[in-house]
Amino acid sequence: MTKLSVNINKIATLRNARGGNVPDLLKVAADIQKFGGQGITIHPRPDERHIRYQDARDLKAIVCTEYNIEGNPQHNFIDLVLECKPEQVTLVPDAIGAITSSAGWDTVKNQAYLAEVIQEFQRNGIRTSIFVDPIAEMIEGAKKTGTDRIELYTEAFAHQYSLGNKNGIDPYVKSAILANELELGINAGHDLSLDNIQFFKQNIPGLLEVSIGHALIAEALYLGLENVVNMYLQKLK
């Protein structure tokens with residue numbers, strides 16, 4: 001079964017919009033795990049516009065499944081991850097001020113830099129994953145950094161699937177086969193939803209984990225958080 005890690009950035013966005021502590025981010029994280037979620041993902045950004053650095057620290061005591069912290073490995077982020085020591089860190093090449101992630105790493109151009117950062121995290125017992133586009137050269141470059149896993153950036157698949165083009169899965173299948181051959185673990189995320197997750201899961205060999213936030217929280221507004229978490233779990237079997 002592919003694991004479901006729930007990204008709770010949007011809960012923090014809602015809380016921050018009003019001030020105070022409603023909704024309670026820590027309670028939501030605890031409830032997601034109680035409902036069956038197999039991990040909690042956060043993606044703090046330098047301006048802390050949703051997840052705050054203190055949230056990352058506070059969640060360490062709450063997450064009893066898998067804790068995954070995503071972000072661009074700038075100095076403050078690296079310090080935060082080493083302080084929190086999550087089970088997994090996912091390296092994402094976000095530009096400062098970006099609304100959301102928009103591309104994977106150029107693992108050829110940034111190979112030495114990524115390798116240095118990855119070694120530091122691994123020395124501290126933290127599994128590493130690199131956010132990549134479904135391009136063979138980028139996956140081969142990821143392997144050379146020493147990373148444990150890659151996370152396939154799935155926006156292009158989700159867009160094509162919404163247009164009725166199921167062939168949009170093809171680059172991801174080829175990428176997964178290559179990653180398996182290279183003995184890289186495979187995660188995936190971005191714009192995955194109840195509409196497309198089962199098709200994606202069924203076609204990607206060796207898919208270990210998906211990280212889903214925006215769609216899951218939006219769907220929960222209509223269907224309820226517990227119900228939606230369990231709907232994803234059923235589709236990921």
Side-chain angles (χ1 to χ4, degrees), residues 3-16 21 23-98 100-101 104-105 110 113-132 142 145-151 153 185 187-190 208-214 216-217 229:
K3 289 185 177 180
L4 170 66
S5 186
V6 179
N7 185 317
I8 57 173
N9 277 23
K10 286 300 182 294
I11 301 298
T13 300
L14 184 59
R15 174 200 63 188
N16 296 351
N21 194 40
D24 184 331
L25 187 81
L26 302 185
K27 184 178 187 305
V28 171
D31 285 343
I32 287 168
Q33 294 173 109
K34 182 175 69 176
F35 298 154
Q38 296 144 321
I40 297 294
T41 291
I42 60 171
H43 189 148
R45 288 181 165 84
D47 60 7
E48 299 186 88
R49 65 182 180 271
H50 35 61
I51 291 292
R52 299 165 181 155
Y53 275 37
Q54 189 57 46
D55 292 330
R57 300 181 182 101
D58 294 342
L59 282 162
K60 180 62 179 174
I62 301 298
V63 180
C64 57
T65 52
E66 178 195 270
Y67 193 15
N68 174 44
I69 302 181
E70 299 181 343
N72 194 322
Q74 299 170 349
H75 179 72
N76 289 345
F77 178 83
I78 292 173
D79 288 346
L80 178 71
V81 172
L82 293 177
E83 177 185 350
C84 294
K85 286 189 167 57
E87 283 72 30
Q88 179 173 267
V89 58
T90 301
L91 307 182
V92 182
D94 284 335
I96 293 176
T100 187
S101 305
W105 283 96
N110 297 287
Y113 170 64
L114 289 168
E116 181 180 358
V117 172
I118 286 166
Q119 287 170 13
E120 179 65 17
F121 288 139
Q122 290 175 338
R123 278 195 295 268
N124 284 271
I126 302 169
R127 185 174 73 234
T128 61
S129 180
I130 299 177
F131 197 60
V132 294
T145 68
T147 191
D148 301 295
R149 295 187 183 184
I150 57 169
E151 178 173 325
Y153 173 42
N187 298 341
H190 205 91
L208 298 175
E209 177 183 307
V210 292
S211 174
I212 304 178
H214 182 82
L216 188 152
I217 300 304
V229 167

Q: Give, for atom NZ of Lys3 and atom OG1 of Thr65, the distance between the pair rounded to the nearest 0.5 Å.
A: 8.5 Å
Q. Would you say Ile42 and Tyr67 make side-chain contact, with heavy atoms under 4.5 Å?
A. yes
Q. Between CD of Glu209 and CD of Glu66, what distance do you get to the nearest 0.5 Å?
A. 4.0 Å
Q: Give the intermediate values and the outcome of side chain to side chain contact (heavy atoms under 4.5 Å, CB included) for residues Asn21 and Leu26.
A: CA-CA 10 Å; Asn21 194 40; Leu26 302 185; over 6 Å; no
Q.
Nearest 0.5 Å, please: how far is CZ in Arg127 from CD in Gln88?
A. 4.0 Å
Q | Ile130 and Ile118, any side-chain heavy atoms less than 4.5 Å apart | A | yes
Q) What are the two closest heavy atoms between Thr147 and Ala142, and how far apart are they? A) CG2-O, 3.4 Å
Q. Are Arg45 and Asp47 close enough for a salt bridge, meaning some N to O gap below 4.0 Å?
A. no
Q | For Ala56 against Leu80, the heavy-atom pair lying closest together | A | CB-CD2, 3.8 Å
Q | Side-chain donor/acceptor of Glu48 to backbone N/O of Tyr53, under 3.5 Å | A | yes
Q) Quick check: does any side chain N or O of Asn9 sit under 3.5 Å from a backbone N or O of His43, one acting as donor and the other as acceptor? A) yes
Q: Taking atom types as modelled, find out whether Thr41 and Asn7 have a side-chain donor-acceptor pair closer than 3.5 angstrom.
A: no
Q: Please name all residues satisfying salt bridge (charged side-chain N to carboxylate O under 4.0 Å, His left out) with Arg15, sequence neighbours left out, ordered by chain then number.
A: Asp55
(Q) Quick test of your reading: applying salt bridge (Lys or Arg N to Asp or Glu O under 4.0 Å), list the pairs with at least one residue in residues 74-89, sequence neighbours left out, ordered by first then second residue. (A) Arg57-Glu83
Q. Is there a side-chain contact between Ile11 and Ile217 (heavy atoms, below 4.5 Å)?
A. yes
(Q) Over 60° means perpendicular and under 30° means parallel, so tell me whether Trp105 and Tyr113 are parallel, tilted or perpendicular. (A) tilted
(Q) So Ile8 and Leu59, do their side chains get closer than 4.5 Å, heavy atoms only? (A) yes
**Q.** Ser211/Ser5 under side chain to side chain donor-acceptor pair (under 3.5 Å): CA gap, chis, key distance, verdict
**A.** CA-CA 5 Å; Ser211 174; Ser5 186; 4.9 Å; no
Q: Assess the side chains of Glu151 and Ser129: does a donor N or O sit below 3.5 Å from an acceptor N or O?
A: no
Q: Answer yes if the side chains of Gln122 and Asp148 hold a donor-acceptor pair under 3.5 Å, and no otherwise.
A: yes
Q: Could you walk me through whether Leu91 and Thr128 pass the side chain to side chain contact (heavy atoms under 4.5 Å, CB included) test, one step at a time?
A: CA-CA 8 Å; Leu91 307 182; Thr128 61; 5.6 Å; no
Q. Can you name the closest pair of heavy atoms from Leu25 and Ala12 and give their distance?
A. CD1-N, 3.8 Å
Q. Which value, rounded to the nearest 0.5 Å, describes the distance between His50 atom NE2 and Thr13 atom OG1?
A. 5.5 Å
Q: Take Asn16 and Arg49, measure what side chain to side chain contact (heavy atoms under 4.5 Å, CB included) needs, and give me the verdict at the end.
A: CA-CA 8 Å; Asn16 296 351; Arg49 65 182 180 271; 6.0 Å; no
Q: Please check if the side chain of Lys60 supplies one atom and the backbone of Cys84 the other of a donor-acceptor pair under 3.5 Å.
A: yes
Q) Does atom CD of Glu116 have more than 12 heavy-atom neighbours, drawn from other residues, nucleotides or ligands, at distances under 6.0 Å? A) no
Q. Under the 3.5 angstrom rule, does the side chain of Gln119 hit a backbone N or O of Gly146 as a donor-acceptor pair?
A. no
Q | Heavy-atom side-chain proximity of Pro23 to Leu14 below 4.5 angstrom | A | yes
Q: Check step by step if side chain to side chain contact (heavy atoms under 4.5 Å, CB included) holds for Leu4 and Val229.
A: CA-CA 8 Å; Leu4 170 66; Val229 167; 4.3 Å; yes
Q | Least distance between heavy atoms, Gly189 atom then Phe131 atom | A | O-CE1, 4.0 Å
Q.
Which label fits His190 and Tyr153: parallel for a plane angle under 30°, tilted from 30 to 60°, or perpendicular past 60°?
A. perpendicular
